[in-house]
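Comments concern the structure below.
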Amino acid sequence: MSPTPLKVAVTGAAGQIGYSLLFRLASGALTGGQPIELRLLEITPALKALEGVVMELDDCAFPGLAGVEIGDDAETIFDGVNLALLVGARPRGPGMERGDLLSANGAIFTAQGKALNKVAASDVRVGVTGNPANTNALIAMTNAPDIPQERFSALTRLDHNRAISQLAAKTGAAVTDISHMTIWGNHSATQYPDLFHAQVGGRNAAEVVGDQEWIESTFIPTVAKRGAAIIDARGSSSAASAASATIDAARDWLYGSAEGDWVSMAVRSQGEYGVPEGLISSFPVTTKDGDWSIVEGLEIDDFSRARIDASTAELADERAAVTELGLI
Ligand SMILES: NC(=O)C1=CN([C@@H]2O[C@H](COP(=O)(O)OP(=O)(O)OC[C@H]3O[C@@H](n4cnc5c(N)ncnc54)[C@H](O)[C@@H]3O)[C@@H](O)[C@H]2O)C=CC1
Ligand SMILES: O=C([O-])CC(=O)C(=O)O
């Protein structure tokens with residue numbers, strides 16, 4: 001392991017996801033034996049709370065934590081970062097859809113894209129968790145023209161993990177027996193969690209389940225609406241599971257996904273599987289040494305086609321809306 005610390009920026013660091021994410025990052029959940037330096041961005045009124053979080057980080061005496069810097073200026077915080085985890089954004093409350101956050105949160109990602117473009121390390125990777133994640137990633141990417149487009153992704157790993165957990169519960173399999181899960185499309189209620197390519201113990205998951213009605217009426221809506229169910233139950237949106245998925249996604253991206261399997265990641269489309277070019281849409285991907293590649297050649301039947309098309313149509317509408325707002 002390299003002794004050089006990985007410089008990781010986290011935005012919205014004083015928020016709920018931040019409160020789980022920072023401690024896992026500092027304990028080595030992302031980098032293993034490589035030290036980590038945290039760069040934490042917040043809005044000015046939240047800096048005092050963030051100072052408290054940093055006191056707690058200090059009190060953990062994490063051996064791999066090489067340094068922590070906090071601030072409210074994106075260019076200072078993003079200077080030289082190898083990884084930027086863009087979490088900071090207003091979360092939705094009860095009754096809201098993620099699309100309702102487009103204008104409220106879009107402006108944040110314009111400014112942060114510009115700042116990353118100016119000061120991030122030449123190898124920077126940018127993972128967007130803040131909602132609406134796919135379109136926020138599109139905004140950041142468009143506002144950072146000097147950073148290669150494949151360095152931007154949006155988080156659909158939480159949906160992927162939720163789908164694995166639901167399938168494991170239904171089939172009685174261990175989560176480790178489930179592979180080849182895919183979330184297609186948008187991180188929203190239109191997303192398509194696909195059991196037709198997933199496997200349980202090496203067998204086709206849809207065949208193992210053998211219950212199309214369950215797939216359509218229970219599995220897909222449970223996964224797609226899990227965020228809203230958590231908001232209903234907790235009174236605020238998923239935080240610890242979102243932090244955990246943010247780390248899973250970044251770890252696989254930087255250090256590689258498991259051999260013989262794939263993961264879900266929302267990345268820029270070049271027209272694969274009929275997804276309109278330029279959208280940040282979730283696909284099955286393999287990752288290695290900081291690069292991802294979309295798994296090609298999967299057969300898409302009519303059932304899956306209709307769902308992928310519906311979710312990517314929503315992404316195209318979001319792109320049109322942020323174009324109209326002048327954000328891209
Ligand atoms: N992609 C996914 O799977 C998931 C995404 N989310 C999203 O993650 C985001 C954060 O969620 P929480 O931590 O629960 O929200 P939170 O409200 O607890 O924290 C958000 C933090 O962002 C900060 N912030 C706002 N504007 C900022 C800016 N310009 N720069 C830096 N920081 C800024 C706020 O001060 C606040 O501390 C929300 O958009 C939420 O919807 C949540 C769960 C899952
Ligand atoms: O649903 C929300 O607003 C938070 C989120 O993205 C999720 O839990 O998937």
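Every number for a ligand or one of its atoms is a count from 1 in the order of the listing. FYI, the numbering just counts along the sequence from 1. Values below: all heavy atoms of this structure, side chains included; hydrogens, waters and symmetry mates excluded.
On a distance-only criterion, His187 and ligand 2 share at least one N/O pair closer than 3.5 Å. Considering both main-chain and side-chain atoms, Ser237 never comes within under 3.5 Å of ligand 2 through any nitrogen or oxygen pair. An N or O contact shorter than 3.5 Å is missing between Gly18 and ligand 1 by distance.
Those atoms of ligand 1 with a heavy atom of Ser238 less than 4.0 angstrom away are 42 (C), 43 (C). Below 4.0 Å from some heavy atom of Ile108 lie the following atoms of ligand 1, by number and element: 26 (N), 29 (N). Near Ser238, with a cut-off below 4.0 Å to any heavy atom, the atoms of ligand 2 are 7 (C), 8 (O). Of all the atoms in ligand 1, the ones that sit under 4.0 Å from a non-hydrogen atom of Leu158 are 3 (O), 44 (C). For ligand 1, the atoms sitting less than 4.0 Å from at least one non-hydrogen atom of Leu155 are 1 (N), 2 (C), 3 (O), numbered in the order shown with element in parentheses. Less than 4.0 angstrom separates some heavy atom of Ala242 from each of these atoms of ligand 1: 43 (C), 44 (C). Residue-ligand proximity, Gln16 to ligand 1, at heavy-atom distances under 4.0 Å covers atoms 13 (O), 14 (O), 16 (P), 18 (O), 19 (O). Near Gly12, meaning under 4.0 Å from one of its heavy atoms, ligand 1 places the atoms 21 (C), 22 (O), 23 (C), 31 (C), 32 (N). Near Gly88, meaning under 4.0 Å from one of its heavy atoms, ligand 1 places the atoms 22 (O).
Atom 5 (C) of ligand 2 has Arg98 NH2, 3.3 Å as its closest protein atom, hydrogens excluded (heavy atom only). Given atom 30 (N) of ligand 1, the protein heavy atom at minimum distance is Gln112 NE2, 3.2 Å. The nearest protein atom to atom 11 (O) of ligand 1, hydrogens excluded, is given as Ile17 CD1, 3.5 Å; this is a heavy-atom distance. Distance from atom 5 (C) of ligand 1 to its nearest protein heavy atom, with residue and atom name: Thr129 O, 2.9 Å.
A donor and an acceptor atom, one from each side chain of Ser264 and Arg157, are nowhere located under 3.5 Å apart. Side chains of Thr190 and Glu314: a donor on one and an acceptor on the other come within 3.5 Å. Checked by atom type, the side-chain pair Glu56/Tyr19 shows a donor-acceptor distance below 3.5 Å. For the residue pair Ser237 / Gln16, no side-chain donor-acceptor distance below 3.5 Å is found, with atom types taken as modelled.
Proximity of Arg157 to ligand 1 is not established, as no heavy-atom distance is less than 4.0 Å. Distances shorter than 4.0 angstrom do not occur between any heavy atom of Lys225 and any atom of ligand 2.
Within the 4.0 Å heavy-atom criterion, neither part of Ile230 lies near ligand 2.
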